[in-house]
Amino acid sequence: MENKKIPTRMGDGSLTWMTAGEIRADIEEGTRVAAERAKVPPLDEAELGHLLEIFASASRFTGVDIGDEVVLTYDGVGSQHIGTRIHDLQLYEQHLGADSVELYHPDYSFKAVKTVVPYEQGVMRQAQANVTVPLNYGAMPDLGRYTQPDGPVPNWSTLMPLGKIDEARAAQEEAVEHAVADMVYVCDGMLEAGADGVDFDTAGAAGDADFLAALRAIEAVRGRHPDAGIQIGMASEFVLGMHGNLEYEGVRLAGLWPREQMKLAAKAGATIFGPAVNVNTGKSGAWNVARAITIVKPCVQEAEIPVHMNVGMGVGGTPMAPWPPADAVSRSSRALVDILRLDGL
Amino acid sequence: MARMQITRGMRLPEAKNYVAGKLGVSVLDLCDSGVMYEVRGQLGLGRFYDSESTYPAEPLAMEAKFRIAELLEVPINCVGRFRTLTGLAG
């Protein structure tokens with residue numbers, strides 16, 4: 001029995017076979033490396049045991065206990081390849097039972113959306129007439145879009161290798177101003193058209209300046225729309241210090257982990273925070289889930305607003321694959337909800 | 001619950017208790033599709049309207065959201081705009 005091989009997944013979604021002992025070892029290593037890196041406590045024995053129970057199973061699907069269901073929000077809904085975007089929203093609501101839906105433009109960037117806001121407003125208005133669940137509008141801060149040759153500011157990724165650190169920092173600071181203005185413009189427009197909320201997705205993808213732009217945009221939108229939903233989803237577990245000296249409310253952004261990210265998001269005016277923990281494709285799903293839970297646990301314990309953890313391909317222990325297997329998705333989702341007591345996914 | 005989280009920033013247990021209280025059901029009922037089908041119908045909160053729209057008395061999306069806003073005592077952006085644009089708002 002001890003040597004019986006159990007089908008389980010790697011971080012890239014491929015099927016592998018491991019004994020319960022091997023899975024247990026991966027869970028222990030996952031929490032250990034996370035605790036060391038993020039300087040947080042490792043999971044306790046009961047939590048490790050529960051993870052083993054979830055992963056040392058050959059079942060095709062698993063789920064939380066009845067009564068432990070959580071709310072689902074999305075970073076974009078539907079494929080946009082079948083019917084219209086409104087059909088996507090209706091399909092998610094009526095056939096998939098989505099708790100909320102999110103309208104999005106295929107170029108998921110506030111900078112790109114700014115040029116087509118009137119058309120997006122028209123779709124939002126029509127969609128709101130046809131959808132009952134909360135309907136948000138989402139896009140990415142996407143700070144890199146503001147760099148030359150496509151954008152207006154010098155490219156910090158080419159300046160830094162030349163040793164032009166001051167110039168690289170100045171370029172990022174200028175890009176933040178452009179991005180904040182665009183995000184507030186788009187959010188104003190979509191909320192004017194009836195959106196229930198706005199979603200700043202993959203925040204921090206270009207580093208601390210990207211995260212700063214999102215926080216400042218949230219603060220501005222909250223000031224102008226007191227009842228609007230504002231969701232922010234992160235790009236990764238750790239804010240990269242591409243600038244290094246940027247602060248929000250006196251807190252240095254470079255190097256922040258989910259707990260501190262959440263606190264700043266709440267201070268800025270967000271109503272939902274989405275932590276993201278990237279997947280290591282060379283490790284097992286059990287290893288990745290244990291690592292993700294360990295990193296995010298302090299964030300949920302101290303949460304001031306609902307926490308909807310990012311659980312999609314390549315984050316939250318879900319395999320980095322275009323079509324993540326349901327056995328892996330259900331295991332990571334259940335494990336995160338069971339142990340973290342999340343408010344949503 | 002999603003609406004209370006999005007608009008009010010309520011944590012999940014608080015949101016579940018709030019909505020259950022407003023609907024007059026138990027927290028466990030909220031995740032019971034059989035119970036909620038009946039409750040949504042009785043309170044006019046909207047059902048899956050692609051199958052329900054054959055019944056003229058069933059509210060569709062915007063109509064249902066008027067009732068949801070009133071029942072949950074939470075502002076719904078598009079409902080407010082509907083009131084303004086139709087002249088319903090004082």
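In what follows, every chain begins at residue 1, and chains take the letters A, B, ... in the order their sequences are listed.
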What part of [X] gets within 4.5 angstrom of chain B, counting heavy atoms only: side chain, backbone, both, or neither?
X	result
A:D68	backbone
A:V198	neither
A:L72	neither
A:V70	both
A:E69	both
A:A193	backbone

Below 4.5 Å, heavy-atom pairs only: which of A:A195, A:S100, A:A228, A:G97 has the largest tally toward chain B? A:A195
Among A:G229, A:P306, A:G344, residue most engaged with chain B (heavy-atom pairs, under 4.5 Å): A:P306
Nearest heavy atoms of [X] and [Y], plus distance in Å:
X	Y	value
A:A139	A:F110	O-CE1, 3.3 Å
B:P59	B:G44	CG-O, 3.3 Å
A:V77	A:Y104	O-CE2, 3.3 Å

Can B:E58 and B:R47 be counted as an ion pair, charged N to O under 4.0 angstrom? yes
Any salt bridge linking B:K22 with B:E73? Criterion: basic side-chain nitrogen under 4.0 Å from a carboxylate oxygen. yes
Using non-hydrogen atoms and a 4.5 Å limit, figure out which bit of [X] sits close to chain A: side chain, backbone, both or neither.
X	result
B:I68	side chain
B:R40	side chain
B:R81	side chain

Using side-chain contact (heavy atoms from CB on, under 4.5 Å) as the criterion, point out the one residue from A:V71, A:I232, A:L345 that pairs with A:H308. A:V71
Does A:D196 form a side chain to side chain contact (heavy atoms under 4.5 Å, CB included) with B:I76? I'd like the steps, not just the answer. CA-CA 7 Å; A:D196 291 289; B:I76 295 181; 3.7 Å; yes
Partner of A:Y137 under side-chain hydrogen bond (donor to acceptor under 3.5 Å, both in side chains), chosen from A:Q121, A:E102, A:E120: A:E120
Do the side chains of B:M4 and B:V74 get nearer than 4.5 Å, heavy atoms only? yes
So A:K297 and A:E47, do their side chains get closer than 4.5 Å, heavy atoms only? yes
Any luck finding a side-chain donor-acceptor pair between A:H225 and B:N77 under 3.5 Å? no
Go through B:M62, B:M10, B:R11, B:R8 and name the one with the most non-hydrogen pairs under 4.5 angstrom from chain A. B:R11
Chain A contacts, top residue of B:M1, B:K16, B:E63 (heavy-atom pairs, under 4.5 Å): B:K16
Within residues 59-67 of chain A, which positions have a heavy-atom distance to chain B below 4.5 Å? A:I66, A:G67
For the pair A:I54 and A:D338, evaluate side chain to side chain contact (heavy atoms under 4.5 Å, CB included) and give the outcome as yes or no after the intermediate values. CA-CA 10 Å; A:I54 291 172; A:D338 280 356; 4.1 Å; yes
